[in-house]
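Data first, discussion second: the structure below is written as structure tokens.
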Amino acid sequence: MALLEISGIIKQDRNATLLSPVHLQVEPSQCVMIRTRGDLGTLFLQIVLGLNRASEGEVFFQGERLHPDMKKWHQIGRFLLTDQLYSRLTVSEYLHFFRGLYTNGREIYSLMQLMGLESLQHKIIRKLNNSEKRRVHLARCLVNDPILLVLEDPEYKVDLETRHIIRKMFDQLLKEGKALLVTTSLVEDALAITDDVYLLDEQQFKKLNIENETDTQDSDEENVDIHFPVGSFVKIPAKVKDKILLFDPLEINYVESIEGKVYLHVKSDKFLCDLRLNELEGQLKTFGFFRCHRSYIVNLQRVREIIKWTRNSYSLILDDPNRSEVPLSKGNMEELKRLIGI
Amino acid sequence: MMSISWRRIQVIIRKELKDALRNYQVLMMVVVPIGMALLYQNMQSLEGNQLILIFPILMSFGMTGTIVQSMIIAEEKEKHTLRALMLSPATAIEVMIGKSFLSFFLTLLTIFLTMLVTGLSMGISLLFWCITLLCILFFITVGTIVGLMSKSLTETAYLGMPIMFLMGLSPIFAPLINKAWLTKIVSFLPTAHYLQATELLMKGKTFIVGSHWLNITIWLILAVIICLFVFKRNRIED
């Protein structure tokens, strides 16, 4: 029995379908991330949390159908972006207040340490910045030590320090066997945290497939080396409507594969490319590109920062106008270090 | 229905108290009636007319009772903080008891302080405090209704202010206007009866158990019934 089971929920408003059927199971120690648009993510989480009614389908928590009067609510931690804090209390007063409502839960001081709040504990919440407030919200979700956390885009508009803390928190929770259901607006962020990434839009809900690109990697590499020796003429084609654009490899910041479609990120735009990721990897290797993740090839010349979120989660920050962030799998870290020479 | 936990209510009261002491809007509702009391105390021309000294008390019924109660409820609704609370074992009833307790305590404190300032003394203080407590309960229940019905802090002003003026202050102003129909309407209000009862007490008389107590009790019961009805309906909507 899954901890949380979402069984075919649909939301229709008059004749418009707002949410297509969602089937999803979340197990203990699993982090499921859903890439979606802001308002759709809100609607989806509201339905999961029983704040909004689905047109069809059910949500089960530990096999029990979710309903507003369910006793198990306090085993679920929840953060929605519309949540607000008691702005006149201090951080410590706020957390102790929520902790006091439960008989069991976490020790507040260690919780504040986990969320990087111990130096802010006597500050009035109104005087905190948005990133710090987000950490207070997330700490509040944890006071009763829930076994499932449902979070709406926790990294939305927060600083780098807070993102570090959030990922450390996720790591800690998963280690404790807790489950996470999190929405996000960036696939790159989601992939840096977990492999269980789903895409949700009005038409569909499906799992992001990141396995299929790795199978033939080795043989491809050899072939490609023969066909594209160093210094040969290489342009990467991309399609825009009925035109074909040709990019100089060095113009490309990174290449991303989502749902079997390959996108070239050039300046601040992205272009669909017909080549497969493995083919591109072979062609681009000689130009200083690196396969940093099953779904990503990055131009190492554009990498500005390597960020270590937790022991097994890394990201690369590029120096392009968007300061794009590309996930780096743990397995590829050694290879990258070797390439850069550190 | 989950049972009510006194421990959780204590936690809620403690939080409400910390919150209220830093909330300037709430503090204003305590300060204004006391300020009024100071003003009346220094008005030489009012000597002999002790009745006007009840005015600050009526004001704190409306301001510290009704307005504060509706503000602290509406603020939670406006900011969706009540939702985070509803996921916890704390029940809506416990939250309401916690908040009512705070408004009750603040109103009582304000009335006590205004009386200290004006030096108002009551013939039989036990009777005075009994009828005062009954009135505070009524005004806090009204505040709860206003708070539950408004979706934001600003809405409490639209709903709360007229009620405060009608219920709290009209017995003072109605005699000045002196229209028969107005006097008739006002004579049904609980504050009119409160005023009459305290007038009797100040003259050193006890008042007959009948009409004044009955009137205020009926108002209180009516308010509680409406409050429960509004509470049920708004909880489902939220």
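A note on names: the letters A, B, ... follow the listed sequences, proteins ahead of strands, and every chain is numbered from 1. Please read these numbers as outputs of a predicted model, since none were measured by experiment.
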- Message: Closer than 4.0 angstrom, basic N to acidic O: yes or no for B/E75 and B/K99?
- Response: no

- Query: Between B/F138 and B/W219, how do the two ring planes meet: parallel, tilted or perpendicular, split at 30° and 60°?
  - Reply: perpendicular

- Item | Main-chain N/O of A/D201 paired to A/R37 side chain as donor or acceptor, under 3.5 Å | no

- Contact origin within B/R7 toward chain A - heavy atom pairs under 4.5 Å: side chain

- Message: For B/E94, which atoms come within 4.5 Å of any heavy atom of chain A: side chain, backbone, both, or neither?
- Response: neither

- Non-hydrogen side-chain atoms of A/V182 and A/I34 separated by less than 4.5 Å: no

- Item | Heavy-atom check, side chain of A/W309 versus side chain of A/F170, under 4.5 Å | no

- Task: Pick one of side chain, backbone, both or neither for A/F98, based on which atoms fall under 4.5 Å of a heavy atom in chain B.
- Result: side chain

- Query: Using non-hydrogen atoms only, which part of B/E78 is less than 4.5 Å away from chain A: side chain, backbone, both, or neither?
  - Reply: neither

- Looking at A/K11 and A/D13, does any basic side-chain N land under 4.0 Å from a carboxylate oxygen? no

- Message: Using side-chain heavy atoms (C-beta onward) and a distance below 4.5 Å, is B/Y194 in contact with B/I54?
- Response: yes

- Backbone N/O of A/N144 and side chain of A/R106: donor-acceptor pair under 3.5 Å: no

- Short N-O contact, A/E27 and A/K178, less than 4.0 angstrom: no

- Task: Verify, without hydrogens or angle tests, whether A/R140 (side chain) and A/L85 (backbone) share a donor-acceptor contact under 3.5 angstrom.
- Result: no

- Query: For the side chain of A/T162 and the backbone of A/V158, is there at least one donor-acceptor N/O pair under 3.5 Å apart?
  - Reply: no

- Query: Taking only heavy atoms into account, what residues of residues 156-167 of chain B are found under 4.5 Å from chain A?
  - Reply: none

- Query: Could you name the residues of residues 20-27 of chain B that have a heavy atom within less than 4.5 Å of a heavy atom in chain A?
  - Reply: B/R22, B/N23

